[in-house]
Each structure stands twice: as structure tokens, then as C-alpha cells.
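Read through the structure below, which is laid out as C-alpha cells, and then see the notes.
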Amino acid sequence: VGDDRLTVAVRVRPLNAQECLHHTVRNVTKVNGNELTILVGTSADSSCGVNHTFVYDRVFYSCDPDSEKYATQKEVYDGTAKPLIHRAFEGYNACLFAYGQTGSGKSYSMMGVDTLVDPISSNLVNSEAGIIPRYCFDLFEYIETNKEKFHAEIEISFFEIYNEKIHDLLCLEDSDYGSNNFKNHLGTPKPDRKALKVREHPIWGPYVVGLSVHPVDSYESLRNWLIVGNSQRASAATGLNDKSSRSHSIFNIMLNITDVDRKTINDDQGNGSCQSRRSKVSLVDLAGSERVSNSNGERKREGVHINKSLLTLGKVIAALSNEKNHVQSKIFVPYRESALTWLLRENLGGNSKTVMLATISPANTHIDETLATLRYACQASRIINRVKVNESQHD
Ligand code: ADP
Ligand code: MG
């Protein structure tokens, strides 16, 4: 058992084409190592405003491709999720979640673009692939490299939380099982997808009742499920205005690892004990962090209530980051007030190596949301998790 502080990384996206055309829009970010400065001022030299400087574990500057500091998709992956590969095989739970306002680069960082268009021909991860495909690719590479040392079974699940309702993104019709026609499902989410509920298992903790779980034995098979999930997420979004920015998507990888040595001993002697480790990795693309009051009147008229999961995540982070709470043995953390925080309980202050990737826009026009995100990220960096290996002894 050890203590492990939450790792916090920040990524700055480029100005988009529209912003570049607009002469009043400018980049107000400056990166120096792990330091990020937001230049607050009304003129190009920021002498008339107060600058804000923040320090994080990592700062990825993906704003200007010509800059020597420019961080590629690979560099962001290498610096955030890649270290979680080894940890997962050691039997530690892990989690990476992307937090930031809509349009700041959460989905680009987590999933990337054009990575999943052609499932058959390439098993190479292209340069714009995000963290999830890269992580999954490396996972199977790791298994292949270490197949003399251990045997690993991988299962995945993929779901989203929208208005506190959970929807399975990998739920196919019965007739699709066992066949290779997952493609039939691209772009056609079931119209009557039912909402699933969170329950508490006495031993294994919170879980989603009725969520489909899929064994995968190669990157290709996993990738097919990613395609299904992404297309179900995307096409469901078109029906409801802006749904994707207000839903959280959670991709879970469950690992069951058995050391080959111990297995052999067990087989030969018949009375040996077989040791295995289990771990769960959650890769999360959160809903946009912007306040409802900041968004357009249209949405206000819709009467959309605040995102309860995101609000509770804030409360959980505040409770866990309060230093007084570390001293007291009993603290109340409102995990169960939302589906997201309930399901991520182990990842927030519990048994998990957790990384937060805060994504921000470089534009002066988004400065308020950017500062809100950066302050939130600072608070999160004070969370300490208690990590231990999930070892189980079978006789
Ligand atoms: P979010 O998921 O936070 O709402 P997206 O990931 O969809 O935001 O990003 C918004 C737009 O900006 C997309 O068109 C995306 O391709 C682009 N984008 C975001 N981050 C980057 C980046 N680091 N490099 C290039 N394009 C990016
Ligand atoms: Mg997104």
C-alpha cells in the first residue's frame, strides 16, 4: 500500500481556423517547462493586466506546430497514459480523465481523429490517434512481449452518462453476436436504448447493472468495438442538441493476469497456489466543463439542468483536496450523489493511479473558462490516492 498523488497535466489546443481569421482573437498562453502562464491584458503586451502562472506535473503545448515546444498526440500519450500500462500489469487500477470546456480538445486527446476509419487494413496507430487507441495498441504489445512471464485476459466495456442515465455503447442486437457484422451497427443506435443503473457490489464495489462486457484477444478485435462505441456515441448526438458535449463517456479495460511460472507449479504439483492480479483501467472523456449560465440563451430556455455528475465531481475533488480532511480519518465525500463519481470512486482518493488531463483553449475569448479549468486542475493535484495491488489467491 502506498500513497500516490493525482497526476495533473494540461494541454493547450491550437487556435482553430475561425479564431485565426478573427483579428481580435489572440493566444494568451505561454508555456515554460511545467509552468503555464495566462496573459491577462487588453493589449498584446500584458502590462495592464495581471498574469496568472500555474505549475502542473506536465504542460503540453499543442498550440503552434512550428514551435519547438509543440506536443504531438504521441508525446501527450507518452507523458500521461503510457506509464499506466506497466502499472496495470502490476495489478494497480488506473484512470485517466480529460476535463475542460467544450471544444478545448478532450475528445481529440482521448480518441483522436481518423484513427478508426479503416478497421481492417492497418494495425498501425496513425499520428493523429489519441490516447485510447494508443493505450490499447500498447497493451497488446506488452502482452505479446511478456507472454513467457504471464497470461492476460482482457475485457472491455464502453458507456456514456447523460443526465445521470447510463447507456451502453457496445450493446448489439442478439443476432449480431458471434458474427462479424458489427459493421451493421455503425451509425444505428437502438432507438430504445434503455438506461442502466449503478449498484454497489459488497466486494467489488460500484458497477453498472446489465452493462455488456466483451473479451478481446487482439488490438484488432478491440478496435472493432471502439468503432461501434464511437459511432453509437456520435449518431446518438445528432438527435439531441449538443448531447455529446453534455455526456461523459467511460471506456473500461479489465485485466486478469496470471503469472506463467506459478501456473506451471500449480499444474505440476496439483496443490500449489495460483496467484493472479486483476486491475481496471478507466479512460474517461468528460462532459464540457463550461457553466450553463455561460452558454447561449437557447440552452437556458431548454431548461437543461446542471450536469449533476460534473458538479459532484467538483465537490468530491474539493473534499479530497482539503488538507484538513487528510488528517481526519473519517471524511465525508459525496461519491454517491452522482453516477460518475460513484463509478469512479476508486479512482478518486481510492485504490488507483489517476491522471487528470485538463484541456484548454489558447484564445483570449475563452479566458474565463480557461482560468476556471486551470484552478480546478490545481485543486485536483492535491488529491492523494491509496494504491495497492489487487492480488487474489486461489487455492
Ligand atoms: P472537446 O471534446 O473538448 O469538446 P474536441 O476534441 O472535439 O473538443 O476539439 C474541438 C476541435 O478542435 C476539433 O475539431 C479538434 O479536432 C480540434 N483540436 C482539439 N485539440 C487539438 C489539437 N491538439 N490539435 C489539433 N486539433 C485539435
Ligand atoms: Mg468531445
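Counting convention: from 1, in listed order, for ligands and their atoms alike.
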| Glu200/Arg345 salt bridge by N-O under 4.0 Å criterion | yes
| Quick one: are Phe159 and Leu343 in side-chain contact, heavy atoms under 4.5 Å? | yes
| request: Say whether Asn51 and Thr37, considering side chains only, have a donor N or O and an acceptor N or O under 3.5 Å apart. | output: no
| Any Tyr99 side-chain heavy atom under 4.5 Å of Lys106 side chain | no
| request: Could you pull out every protein residue that has a heavy atom closer than 4.0 Å to ligand 1, ordered by chain and then number? | output: Arg11, Arg13, Pro14, Ser62, Gln101, Thr102, Gly103, Ser104, Gly105, Lys106, Ser107, Tyr108
| query | For the residue pair Phe89 and Phe150, does the interplanar ring angle fall in the parallel (under 30°), tilted (30 to 60°) or perpendicular (over 60°) class? | reply | parallel
| query | Do Cys136 and Phe251 come within less than 4.5 Å of each other through their side chains, counting heavy atoms only? | reply | yes
| query | So, is Thr102 placed with an N/O/S atom under 2.8 Å from the Mg ion (ligand 2), counting both backbone and side chain? | reply | no
